[in-house]
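All values below come from the heavy atoms of this structure, side chains included, with hydrogens, waters and symmetry mates left out. First the proteins, then the strands, lettered A, B, ... as listed; each starts at 1.
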Amino acid sequence: MAGPRTFYVTTPIYYVNDLPHIGHTYTTVVADALARFHRLAGDDVYFLTGTDEHGQKIERAAKARGISPKELADEVVENYRKLWPALAISNDDFIRTTEERHRRGVEALFARIRERTPDAIYKGKYVGWYCTGCESFYPENQVVDGKCPEQGHPVERVEEESWFFRLSAFADRLLELYDSHPEFVLPETRRNEVRSFVAGGLRDLSISRSRSKVSWGLPFPGDPDHVVYVWFDALTNYVSALGFGDPEGAPLYEKYWREAPDATVLHLVGKDILRFHAVYWPAFLMAAGLPLPTTIFGHGWWLRDESKMSKTRGNVARPGPLLEDFGADALRWFLLREIPLGHDGNYSDEAVLDRTNSDLANNIGNLFSRVVALVAKGEKGTVPAVEPLYDDELGEATREVRERYRAGFESCDPAAALRALTDHADALNRYLVRQEPWRRKGREEHCSRVLRTVVGELAHLALRLHPAMPGAAATFWQALGLGEDPATEIAAGKDLLAVDDWAVGGNSVQGPLKVFPRLDKKKVLGEAIAADGGGGRDAAAGRPAKPGKEAGAKKKADAAPDEDEGAGIITIDEFFRVKLRTAKVLKAEPHPNADKLLRLEIDLGDEKRQLVAGIAKAYRPEDLVGRTIVVVANLKPAKLRGLVSEGMLLAATGPDGVPHLLMPDGDVPPGSPVS
RNA sequence: GGCGGUGUAGCUCAGCGGUAGAGCACGCGGCUCAUAACCGCGGAGUCCCCGGUUCGAAUCCGGGCACCGCUACCA
């Protein structure tokens, strides 16, 4: 006989280079809610989070402070370890990639891959850019103008020996996986992206770095001159935490990692790291001949003023101040309820406040308070032990609402599940209005049965609030005289959501109850603004906002529809931001690594530059030399097939798509302004 | 440039061939057991544009436009 279903849910491991922000908080809260839901449903749940602690950035940051990388990691990891309990995160384990068990897991995975697919890992040459100033590697697309993106140091092209994973050999099997298991990548739109990425061909993956350049990492098994590079190290946490590679045996791994047919493994990740989880990770596992996770879910981002939060913009929302203002329960409810998982959402304090007031204060909080007061007054605080009295409307509503709740969580749509809960409360409010249990004269029996019914329904509601708001759920549970916490009822194999009627008759209810007081918008938002000087939550979190930029961006967003820019019109000032200049072509030759591109050397009067232009099909290099053309002089440099282009030449596109170069009429010296 | 997605009420979004919907916000009425709560009613939308298929299209097809994502020998 099969045991209960197992449910293994993970967050990504967070890089200890950064303090926790709303994004980390979001992923972790969603994972927690799912874990708690599955526990209520009687599933055998294991919930993992942790930290990623290796790599150049940590090494560098530690060096700057004169401490060891491990000391730095130990320090930063505390921010996460303290935050999660404050948010009522119920993780069963917390893994750090600097732990011994993780090293063992990585080594075991290597060994297993080499055993099952001997040619999957091979030695080759890594070609990339190395910045000696930062002591960091940068991929092709990040190097700008021959300089590193962080500090603007010059970078040098490096070629060194590296170990590779033969990712290219797995494309067909991955495509087969996406097609035969559509739930492997969710939501669907992300699966399409991942699929087309893989269909476009995969390049082998460099999975090591020379120890002389990066020393803060796990030793590469079998090659002490190298360390294991980022993704192979990080992804392995999902099995190393379960004891994979432990010589003493790994019961958790056996149980949760899909060795059983009824096991679900869900990796919850932000959409920015979806590819690593949906492409690299299954490929590693395939090479090792291990079972794959059930689902990789790529959720969306919280935006501010329609743009991504980032440290450089200084608009990152930090969980600390939010917890102070709203409390863990309200913040969790907001994160789960406001946007469907997978969508992006706009974060604002005002949105949290509106959500809290309408869902929690007016609706759920008020309902509990209302019923507790009714029982206190009408029944002297004891829930009458009588038969419930369901009218048709309530009976239908409760059935429907419970189905939607379960379906919502089971399909990774917590927002839908929580919507079912406020609908449940609505249905109960309407029931009370229909039945009027406060009009007792001559209808005591009826009123008692009505109150018994509502309290029974509130027990269902309180139980179901637990995944989203464990604190409030416990308070409500106690107020109904049911015990300390619905969580104490949890047991593997016992589906609490299937309980038909909680025996509330005879319970003493405790009031008055005011769990979610209504928040005064002006007061709370006013204080938040006053407290940090108008920059939102950021300054309070120690990250000063940039008031000018912030305000400007917001105004633009708000005003856009009725302004000229709505019609694609720009102002003269905007036009003048583009610096157009004439330039003389000094040299032209084919791009060494592309057949549609030409490499040009141009004279801008005061300087010479290299341009890469997509005109090889229309112009021969020798026809260009000596000609005067028009270029955008202040365009951000970019690399095209390995060559930096420091500007863009202007050309008219003919009806057939062929470019026709713009040239000034008459003779002007190179570098002349164009307007 | 290629692929995918989105465009519906002030806001967030559901509907995906049969008389335009929900929540929030807003207005009016009711009630007073409850947290200015709750209940009821209401306003407003060429369902992005043009064309087609159909007895009938927000929904299907074709063509545009705009925005978003992924990707590229775009700069």
Side-chain angles (χ1 to χ4, degrees), chain A residues 141 187-201 271-272 274-275 298 300-301 303 306 308 337-340 342-346 348 350-351 354-355 357-378 415-416 419 422-423 425-426 428-440 447 450-451 454 511-521 560-561 566-568 590-598 611-617 631-632 635-651 653 657 659:
Chain A
N141 57 12
E188 193 182 343
T189 169
R190 301 275 160 234
R191 181 173 70 247
N192 291 340
E193 286 173 13
V194 168
R195 202 190 182 289
S196 67
F197 173 77
V198 173
K271 61 185 183 182
D272 49 331
L274 182 65
R275 184 196 301 172
W301 283 331
L303 310 175
E306 310 291 336
K308 194 189 172 188
R337 169 63 184 83
E338 187 72 5
I339 52 169
H343 291 213
D344 288 348
N346 261 307
S348 73
E350 189 178 4
D354 285 342
R355 180 59 65 194
N357 274 345
S358 62
D359 286 358
L360 303 184
N362 295 354
N363 188 296
I364 291 169
N366 176 61
L367 175 65
F368 274 93
S369 152
R370 182 183 201 185
V371 172
V372 163
L374 279 169
V375 174
K377 276 187 203 163
R419 222 175 299 130
T422 47
D423 287 350
D426 285 339
L428 292 171
N429 270 323
R430 281 195 297 272
Y431 172 75
L432 287 172
V433 168
R434 285 198 301 278
Q435 304 299 342
E436 302 183 289
W438 47 86
R439 270 183 48 227
R440 294 191 68 86
C447 291
V450 168
L451 290 178
V454 179
L513 194 59
K514 199 156 182 173
V515 179
F516 295 111
R518 200 182 154 80
L519 301 172
D520 185 285
K521 197 178 223 171
H591 190 295
N593 196 23
D595 51 49
K596 287 187 191 167
L597 301 178
L598 290 184
L611 242 63
V612 178
I615 53 171
K617 298 275 185 193
V631 303
V632 179
L635 191 66
K636 186 178 169 189
K639 280 186 45 192
L640 297 178
R641 291 296 276 187
L643 287 182
V644 174
S645 180
E646 305 166 298
M648 176 171 79
L649 56 75
L650 298 190
T653 304

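- Comparing B:rU35, B:rC70, B:rG5 against the side chain of A:Arg518 picks out B:rU35 as the nearest.
- With a 3.5 Å ceiling on both atom-pair distances, B:rU54 lacks any Watson-Crick or G-U wobble partner.
- The side chain of A:Ser358 sits closest to B:rC24 out of B:rC24, B:rC39, B:rG5.
- Of the candidates B:rA14, B:rA34, B:rC3, B:rA34 carries the atom nearest the A:Lys377 side chain, counting heavy atoms from C-beta on.
- For the residue pair A:Cys447 and A:Pro437, the shortest heavy atom distance occurs at SG-O, 3.4 Å.
- Within the nucleic acid shown, A:Val612 comes within 4.0 Å of sugar-phosphate atoms alone, with no base atom in reach, counting heavy atoms only.
- A:Asp354 comes within contact range of no nucleotide atom at all, as no heavy-atom separation falls under 4.0 Å.
- With rounding to whole Å, A:Asn363 atom CG is found 17 Å from B:rA22 atom P.
- Separating the P atom of B:rG52 from that of B:rU19 is a span of 24 Å, rounded to the nearest Å.
- Between B:rA58 and B:rA20, the distance separating the two P atoms is 8 Å to the nearest Å.
- Sequence order on RNA chain B of the closest nucleotides to A:Leu374 and A:Glu338 puts A:Glu338 first from the 5' end.
- For the pair A:Leu274 CG and B:rG4 P, the interatomic distance rounds to 18 Å; values are reported in whole Å.
- When the P atom of B:rC39 is taken as reference, atom CG of A:Leu432 falls 10 Å away, rounded to whole Å.
- For the pair A:Leu428 CG and B:rC38 P, the interatomic distance rounds to 14 Å; values are reported in whole Å.
- Here the separation of B:rG43 from B:rC24, taken at their C1' atoms, is 16 Å to the nearest Å.
- Here the separation of B:rU6 from B:rC74, taken at their P atoms, is 27 Å to the nearest Å.
- Between A:Arg434 and the phosphate of B:rC39, there is no side-chain N or O to OP1/OP2 separation shorter than 4.0 Å.
- Comparing the P positions of B:rG69 and B:rG10 gives an interatomic distance of 26 Å, to the nearest angstrom.
- Side-chain proximity of A:Glu193 to B:rG69, B:rC24, B:rG4: nearest is B:rG69.
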**Request:** Kindly indicate, with the supporting measurements, whether the criterion side-chain contact (heavy atoms from CB on, under 4.5 Å) is fulfilled by A:Val371 and A:Leu432.
**Result:** CA-CA 9 Å; A:Val371 172; A:Leu432 287 172; 4.1 Å; yes
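- Atom-to-atom, CZ of A:Arg419 to P of B:rA14 comes out at 9 Å; the value is rounded to the nearest Å.
- Note: A:Lys377 NZ to A:Leu451 CG = 12.5 Å, rounded to the nearest 0.5 Å.
- Nucleotide B:rC74 forms no Watson-Crick or G-U wobble pair with any nucleotide shown, as no partner meets the under 3.5 Å limit on both distances.
- Protein atom CZ of A:Arg355 is 16 Å distant from nucleotide atom P of B:rC11, rounded to whole Å.
- Judged purely by atom type and a 3.5 angstrom limit, A:Asn357 uses its side chain to pair as donor or acceptor with the backbone of A:Leu519.
- Rounded to whole Å, atom C1' of B:rC38 lies 16 Å from atom OH of A:Tyr431.
- Counting only heavy atoms from C-beta on, A:His343 has its side chain closest to B:rC13 among B:rC13, B:rG5, B:rA37.
- Judged purely by distance below 3.5 Å, without hydrogens or angles, the side chains of A:Arg518 and A:Asn366 never pair a donor atom with an acceptor atom.
- Between the side chain of A:Ser369 and the main chain of A:Gly365, no donor-acceptor pair closer than 3.5 Å is present.
- Nucleic acid contact for A:Arg190: sugar-phosphate only, since backbone atoms but no base atoms lie under 4.0 Å from a heavy atom of the residue.
- With rounding to the nearest 0.5 Å, the separation of CZ in A:Phe368 from CG in A:Asn363 is 10.5 Å.
- Using the Watson-Crick or G-U wobble rule with both distances under 3.5 Å, B:rA22 pairs with B:rU12.
- Across all strands shown, B:rC68 is found opposite B:rG4 as a Watson-Crick or G-U wobble partner, with both distances under 3.5 Å.
- Using Watson-Crick or G-U wobble geometry with both donor-acceptor distances under 3.5 Å, B:rA37 finds no partner in any strand shown.
- As judged by a 4.0 angstrom heavy-atom cut-off over every strand, A:Ala199 is placed among residues making no nucleic acid contact.
- When all heavy atoms of A:Glu338 and A:Ala351 are compared, the pair lying nearest together is OE2-CB, 4.2 Å.
- Counting non-hydrogen atoms under 4.0 angstrom, A:Gly200 reaches nothing in the nucleic acid.
- Only the C1' atoms considered, B:rC68 is 31 Å distant from B:rU53, to the nearest whole Å.
- Taking atom CZ of A:Arg337 as the reference point, atom C1' of B:rU12 lies 9 Å away to the nearest angstrom.
- Rounded to a whole angstrom, the distance from the P atom of B:rC33 to that of B:rC28 is 24 Å.
- Backbone-only engagement by A:Arg430 is indicated by non-hydrogen atom pairs under 4.0 Å involving sugar-phosphate atoms exclusively.
- When each of A:Phe197 and A:Ala361 is assigned the nucleotide of RNA chain B bearing its nearest heavy atom, the one mapping closer to the 5' terminus is A:Ala361.
- When heavy atoms are screened at a 4.0 angstrom cut-off, A:Ala373 is found touching the sugar-phosphate backbone but no base atom.
- Contact annotation for A:Phe368: no contact, since no heavy-atom pair falls under 4.0 Å across all strands.
- Side-chain atoms of A:Lys514 lie closest to B:rU35 of the nucleotides B:rA14, B:rC33, B:rU35.
- Taking atom P in both B:rC47 and B:rG42, the straight-line distance is 22 Å, to the nearest Å.
- Of the candidates B:rC38, B:rC33, B:rG4, the closest approach to any side-chain atom of A:Asn362 belongs to B:rC38.
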